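A short write-up of the structure that comes next.
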Amino acid sequence: MTNIQLPDVSVTMALVASLQANLPDFGRIVDQFGHPAPALRQLGLVHWENGRFDTAARTFEAALSLRPEDPDLWRDLASVYSASDRDEQALAAIRKSLEVNPHSAQSWQTLASVADRLDDVEAAEGAYRRTIALNPKAAAAHLGLGLLLFRRKSYAEALAAVRMSVDLDPVNGLAHFALGHLSLIASDFAGCARAFDEAARLTLPLDPPTRQKRARALTFQAMIEGRVQEALQNYGQIAGEDREDLDVIVRDAFSVLSASGHLEAAAEIGRMRLAEKPDDPVRRYLLDAVLGRSMTAAPTEYIERYFDQFAPRFDSKLLETLQYNAPSRMAKLVAGHRTDFKQMLDLGCGTGLAAGELLPFGQPLIGVDLSSGMLAEAAKRGGYTELVKSEAIAYLETTPNRFDLIFAADSLIYFGELGPLMRAVAEAMVQGGLFALSIEVAAREGFTLQPSGRFAHSLDYLKAMAADFVIMEAVEGNIRLEAGRPVSGLYVLMERR
């Protein structure tokens, strides 16, 4: 920890004598309190308020040389250090304050702010929570915690914290601004627009990206209320010079409204989009999913077209926005049982996100995917001995008794009925080989086609389809975010009988 050197008492007393001789008000404060430390503190606060941070810091240091166990002086020193970008010293000072008095909400708030500036997320979060525990009405702590959780993409908890901050301090424009962004992620479109409007009323005008989000929120809300055509007609007027391409708005409206459960509005938009391109397999399948039509697997033409279109932005969307980390979690599951394999298959390899996780287990590593666009991205990433464009079952049926590890991260979600796939996987494996997979968990038994176009399965159904395997582990976890909310899933490891 950074050490803070306080001046010798003799040096401080010489300063006090000089101030008494030259500043009559200073002398009166010393007489009032019977001690020079409070007078030095008052002088330090004056320097601080007038932007003389270095002078204020020296003055607080002088006061502390006389009263080194005063927690308020240590907090003042921490604050002025922070104001002058001396964050390491600020951290040392505020920790000293808390050593003296660990029950000060104000000092914990200062620690949270300093740790946040230093990007010490764990310390900042703990300090914000301690502040709130000591003072539940600390609006700034609720906001700070909410913004920290926002950056960590813990959206539901962030939204709750920011809402509390707004309730406690309704005239804080920054809190309303954050509330608007979080409300949009949570698909509270009416709340989003209200929050942005209030932020603009209280502070500066909204920037163009935020105005675009506000226009989207108002448009999506009108669609939810059954006014799809009217919403599209009014979009240009609402967005003004910030308007986006209307085709993009329609595409994103379909995606967002279906993900957030507004299926009636999504279906109307989906029908409209399909009427424009009746032969588009992506639009047709996703509309079928929203309408809840019975299907046993996603059509191959949908998968190929959709992921070819999606490939260039797939990684950033999945990793940054949706917090997807299935390959890492599954590889750790495998490593808990075996770390050496002779023949590995990444089934539905996509852009090759799993390659880096699998290579420490051995070689060769073959990647199979139906999308040529995704395979092109996997080739750029490297690590594969071979990349093959093929439908999963078709490929497996050509490779009997070959693999001792088959890895299927986010592949089973495009199969509803799993029997044919599981049998093909079993036939392609050697006895004792491992099959690692992830699934989204269905709310009821069997399998369900979700509005997202992905299938969810129950664990009992998976077990029933896995007659050729012994399930070694099934670990619950979040697969991704959907409309800002975690999607429940299972990471499963099986052994070939």
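Everything quoted here is computed from the prediction, not taken from an experiment.
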Test item: [X] side-chain N/O and [Y] main-chain N/O as donor-acceptor pair under 3.5 Å:
| X | Y | answer |
| --- | --- | --- |
| R329 | A326 | no |
| T110 | Q106 | yes |
| D87 | A90 | no |
| Q450 | S452 | no |
| R497 | F469 | yes |
| Q212 | D242 | yes |
| T385 | P364 | no |
| S328 | N325 | no |
| E386 | I366 | no |
| S258 | F254 | yes |

Return the [atom1] to [atom2] distance between [X] and [Y], rounded to the nearest 0.5 Å.
| X | Y | atom1 | atom2 | answer |
| --- | --- | --- | --- | --- |
| F361 | D404 | CZ | CG | 11.5 Å |
| T219 | R214 | OG1 | CZ | 9.5 Å |
| L365 | M344 | CG | CE | 5.0 Å |
| D369 | E377 | CG | CD | 11.5 Å |
| L149 | S154 | CG | OG | 5.5 Å |
| L218 | F196 | CG | CZ | 10.5 Å |

[X]-[Y] side chain donor-acceptor pair, cut-off 3.5 Å:
| X | Y | result |
| --- | --- | --- |
| S488 | E440 | no |
| Q233 | Q229 | no |
| T210 | D207 | yes |

### Message
side chain to side chain contact (heavy atoms under 4.5 Å, CB included) for V441 and L459? Distances and angles first, verdict last.
### Response
CA-CA 7 Å; V441 178; L459 180 58; over 6 Å; no
Can you name the nearest heavy-atom pair linking [X] to [Y], along with the distance?
| X | Y | result |
| --- | --- | --- |
| R381 | L353 | NH2-CD2, 3.5 Å |
| V334 | A436 | CG2-CB, 3.8 Å |
| L206 | A200 | CG-CB, 4.0 Å |
| A138 | T131 | CB-CG2, 4.1 Å |
| I479 | G489 | CG1-CA, 3.4 Å |
| A378 | G352 | CB-N, 3.8 Å |

Would you call [X] and [Y] a side-chain contact if the rule is heavy atoms closer than 4.5 Å?
| X | Y | answer |
| --- | --- | --- |
| L246 | V248 | no |
| L174 | L143 | yes |
| R402 | V430 | no |
| R130 | I132 | no |
| E244 | R216 | yes |
| L232 | V250 | yes |
| Y491 | E476 | no |
| M494 | L434 | no |

#### Entry: Pairs where residues 294-307 contributes a residue and the test salt bridge (charged side-chain N to carboxylate O under 4.0 Å, His left out) is met, not counting sequence neighbours
E304-K389
Going by atom type alone, with no hydrogens or angles, which donor-acceptor pairs under 3.5 Å involve a side-chain atom of residues 408-428 and a protein atom two or more places apart or on another chain?
unit_1: D410; atom_1: OD2; unit_2: R480; atom_2: NH2; d: 2.3
unit_1: S411; atom_1: OG; unit_2: L347; atom_2: O; d: 2.6

### Message
Working note: L375 + V388, criterion side chain to side chain contact (heavy atoms under 4.5 Å, CB included); need CA distance, chi angles, decisive distance, verdict.
### Response
CA-CA 8 Å; L375 289 170; V388 181; over 6 Å; no
Under 30°, 30 to 60°, or over 60°: which ring-plane class applies to [X] and [Y], parallel, tilted or perpendicular?
| X | Y | result |
| --- | --- | --- |
| F403 | Y395 | tilted |
| Y461 | H457 | parallel |
| F314 | F310 | perpendicular |
| H181 | F150 | tilted |
| F189 | F220 | perpendicular |

### Task
Take Q109 and Y128, measure what side chain to side chain contact (heavy atoms under 4.5 Å, CB included) needs, and give me the verdict at the end.
CA-CA 6 Å; Q109 171 72 62; Y128 282 129; 3.6 Å; yes
Without placing hydrogens or testing angles, list every side-chain donor-acceptor pair under 3.5 Å for residues 287-298, not counting sequence neighbours.
unit_1: D288; atom_1: OD1; unit_2: R293; atom_2: NH1; d: 2.5

### Task
Would you please test L437 and I439 for side chain to side chain contact (heavy atoms under 4.5 Å, CB included) and show each step?
CA-CA 7 Å; L437 60 95; I439 60 171; 3.8 Å; yes
### Task
I would like to know whether R485 and E482 meet salt bridge (Lys or Arg N to Asp or Glu O under 4.0 Å); could you show each step before the answer?
CA-CA 5 Å; R485 294 181 289 273; E482 185 84 43; over 6 Å; no
For residues 266-277, please give each side-chain donor-acceptor pair under 3.5 Å, one per line with the distance, not counting sequence neighbours.
unit_1: E276; atom_1: OE1; unit_2: R283; atom_2: NH1; d: 3.4

### Query
What pairs with S458 under side chain to side chain donor-acceptor pair (under 3.5 Å), at least two apart in sequence or on another chain?
E445
### Task
For side chain to side chain donor-acceptor pair (under 3.5 Å), just list the numbers for E473 and H337, CA-CA rounded to whole Å, side-chain angles, deciding distance to a tenth of an Å, and then say yes or no.
CA-CA 10 Å; E473 283 193 68; H337 295 267; 2.7 Å; yes
#### Entry: Contacts of type salt bridge (Lys or Arg N to Asp or Glu O under 4.0 Å), residue D188, not counting sequence neighbours
R163
